[in-house]
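Small disclaimer: the values here were computed from a predicted structure and weren't measured.
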Amino acid sequence: MKTLLFFIMAVAGVNASAHLFDSVADCDRRYGKAVSVKGSQRIYKKNGFGILVNIYKGKVDCIIYQKVSGAYMSEAEMINIMSQNEPSGTSFIKLQGDSHYTLCNEKTYKRDTREGGSFVIINGNTMMIITFNCKARSDAKDYGNTSGL
């Protein structure tokens, strides 16, 4: 099963992932020049995806992925994006009672606590990887507006 999953991820080839805690320079190096910059948010386009990143204190704390075509992401694409956003020693895991994936320590399954922890929200053709601290700050803002992607 692991071999099949690896093959699916390799074939999916999304490879359009920013990473939580990256700097602006890391994002620019990975994707080239942002197509739009508005305040703390930068929008990139790469490999058929629009990628919106929010920068807080110099680091990425929220990433929104959306297919430019408007099509829904396949399960393989979603798994690939999540795995590319897992800092070393962590995995996105669906904990008992949760409706979303939470970033956890691979061995203890305890929530990763950097920036209050991180989780994934999937809604149709949009995937958001966000830290809990960003979510708390965003309650007064609309980070879910992806009309610029």
With a 3.5 Å distance limit and no angle check, can you tell me whether [X] reaches the backbone of [Y] through a side-chain donor-acceptor pair?
X    : Y   : answer
K46  : R30 : yes
D28  : A25 : no
N125 : G70 : yes
Q41  : K38 : no

To the nearest 0.5 Å, tell me how far [X] [atom1] sits from [Y] [atom2].
X    : Y    : atom1 : atom2 : result
K67  : T126 : NZ    : OG1   : 12.0 Å
M82  : S118 : CE    : OG    : 13.0 Å
K59  : T131 : NZ    : OG1   : 13.5 Å
F119 : L103 : CZ    : CG    : 11.5 Å
L52  : M128 : CG    : CE    : 8.5 Å
D26  : Y31  : CG    : OH    : 10.0 Å

State, yes or no, whether a side-chain contact exists between [X] and [Y] at a heavy-atom distance under 4.5 Å.
X    : Y    : answer
I129 : Y65  : yes
C27  : Y44  : yes
E77  : M127 : no
I81  : M73  : yes

Hey, quick one: are I64 and V35 part of the same hydrophobic cluster, counting side-chain heavy atoms closer than 4.5 Å, chains of contacts allowed? yes
Which pair of heavy atoms, one from V60 and one from H19, lies closest together, and at what distance?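 Heavy-atom minimum between the residues: CB-O, 3.5 Å.
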Please give me the minimum heavy-atom distance between K45 and G50, naming the atom from each residue.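 So the minimum-distance heavy-atom pair works out to CG-CA, 4.4 Å.
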